[in-house]
Amino acid sequence: MFEFLTTTKIFGIEIYEVLLWFLIYGVIGWIFESGLRSIADKKFTNRGFLYGPFIPIYAFGITGFVFLLNPLYTLGPIEMRLSFLPAGHQIISIEYKYYLIMLGGMLISSVLEYVVSFSMEKLFNQRWWDYTPYKYNTKGRVCFSITFCWGALSVAAVHFIHPLIGKNISDALPQKVGFVIIIVAYSLLFIDIILSNISATKKKKKMLQEAAQEDAAAEKEGV
């Protein structure tokens, strides 16, 4: 398995590296989300669906930005010659790659947030975020302001976060140590997913039972 992970590549990137980045960004997302919410609530708040310090949507999102949008970072600028300008100032260079990365990040995050929100609501009858109070939202699942922030994050991920954190960690970590981390971390993550799904399913059943009892009580009062 070690040889498979370290030699098999997808679009030129080792599966081993992708798995490490996924773990790193899931943890970073949890620290960011739970940290902000804990400060706002003035007490520790776990913002994730899982019990452990990991938020999958950040893992998928940032890894997806790096995996899908990083090739755009190699694009060179567009140069335009404007002959009516003074000599030495006739060539204008436009760095358009950042706009493409941001638009790509907005698209990826919108699809990801909508699909995850829809799926979680259908499966567990709950919402882990609701953008209804925000302008230009779609059924509270996505909204322009948050999507814009995701787009900015995609630029930061490709330009700053990944080169400084994800790539450096995966390069500096001995592969055998990284392999052990992957096996242990994903085993724990798999168990966490099972336990969290069981807990969410029980909560859904309880909510449905309470709703049914409230409806029955309302019918009796109406009679």
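Note: the hydrophobic cluster containing Phe190 does not contain Ile15 (ILVMFWY, side chain heavy atoms under 4.5 Å, direct or indirect links). Under the 4.5 Å side-chain contact rule for hydrophobic residues, Leu195 and Val184 do not share a cluster. If you chain together hydrophobic residues whose side chains sit under 4.5 Å apart, Ile31 and Leu36 fall into the same group. Following chains of ILVMFWY side-chain contacts shorter than 4.5 Å, one cannot reach Tyr25 starting from Val111, and the two form parts of different hydrophobic clusters. Hydrophobic clustering keeps Tyr51 apart from Ile198 (ILVMFWY residues linked when any side-chain heavy atoms are closer than 4.5 Å, directly or through intermediates).
Taking the six-membered ring where the residue is Trp, Phe60 and Phe22 present perpendicular rings, their angle passing 60° and hence far from 30°. Using the six-membered ring where Trp is involved, Phe148 and Phe144 have ring planes that are tilted, between 30° and 60° apart. Relative orientation of the Phe32 and Tyr58 rings is perpendicular, given thresholds of 30° and 60° on the angle between their planes.
Defined by atom type and a distance below 3.5 Å, a donor-acceptor pair is present between the side-chain atoms of Arg141 and Ser117.
Just one residue in the list Gln126, Lys122, Arg127, Glu121 forms a side-chain contact (heavy atoms from CB on, under 4.5 Å) with Phe124, and that residue is Gln126.
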Step by step, work out the side-chain contact (heavy atoms from CB on, under 4.5 Å) result for Asn46 and Trp30. CA-CA 8 Å; Asn46 180 12; Trp30 180 85; 2.7 Å; yes
side-chain contact (heavy atoms from CB on, under 4.5 Å) between Ile101 and Phe65, worked out: CA-CA 8 Å; Ile101 292 171; Phe65 295 155; over 6 Å; no
Begin from the C-alpha positions of Trp21 and Val66 and carry the test side-chain contact (heavy atoms from CB on, under 4.5 Å) through to its verdict. CA-CA 9 Å; Trp21 299 341; Val66 173; 4.1 Å; yes
Test log, rule ring pair (Phe, Tyr, Trp, His ring centres under 6.0 Å), inputs Tyr98 and His159: CA-CA 9 Å; Tyr98 297 108; His159 190 64; 5.8 Å; yes
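Taking all atoms of both residues into account, the shortest heavy-atom contact from Cys143 to Lys135 is CB-O, 4.0 Å. Residues Glu113 and Trp129 share a closest heavy-atom pair of O-CZ2, 3.3 Å. The two residues Lys204 and Asn125 make their nearest non-hydrogen contact at CG-CB, 3.9 Å. Contact record, Ser196 with Leu50: OG-CA, 3.3 Å, taken as the closest heavy-atom pair. Looking at every heavy atom in both residues, Pro133 comes nearest to Asp130 through CD-O, 3.7 Å. The heavy-atom pair separating Ser109 from Thr147 by the smallest distance is OG-CG2, 4.0 Å.
Taking a 6.0 Å sphere around OH of Tyr114, one finds it holds more than 12 heavy atoms contributed by other residues, nucleotides or ligands. Within a 6.0 Å sphere centred on OH of Tyr186, heavy atoms belonging to other residues, nucleotides or ligands number more than 12. With a 6.0 Å radius and a threshold of 12 heavy atoms from other residues, nucleotides or ligands, Lys139 has its NZ atom at or below the threshold.
Once rounded to the nearest 0.5 Å, the distance linking CD1 of Ile10 with CZ of Phe67 reads 5.0 Å. Rounded to the nearest 0.5 Å, atoms CD (Glu17) and CD1 (Ile182) are 10.0 Å apart. To the nearest 0.5 angstrom, Leu69 atom CG is 10.0 Å from Leu103 atom CG. Interatomic distance, OG1 of Thr7 versus CD of Glu14, reported as 8.0 Å (0.5 Å rounding). The CD1 atom of Ile146 lies 5.0 Å from the OH atom of Tyr131; values are rounded to the nearest 0.5 Å. Between Leu19 atom CG and Phe179 atom CZ the span is 10.5 Å, to the nearest 0.5 Å.
The shortest side-chain heavy-atom distance between Leu112 and Ile57 falls under the 4.5 Å cut-off. Side-chain atoms of Val116 and Phe49, non-hydrogen and from C-beta on, never get closer than 4.5 Å to each other. For the pair Ile165/Ile24, a side-chain contact is recorded, criterion being any heavy-atom separation below 4.5 Å from C-beta on. Between Leu173 and Ile181 the shortest side-chain heavy-atom distance falls below 4.5 Å. Residues Asn197 and Leu123 fail the side-chain proximity criterion, which asks for heavy atoms closer than 4.5 Å.
Counting only distance, with no hydrogens or angles, the side chain of Thr45 and the backbone of Ser38 share no donor-acceptor pair below 3.5 Å.
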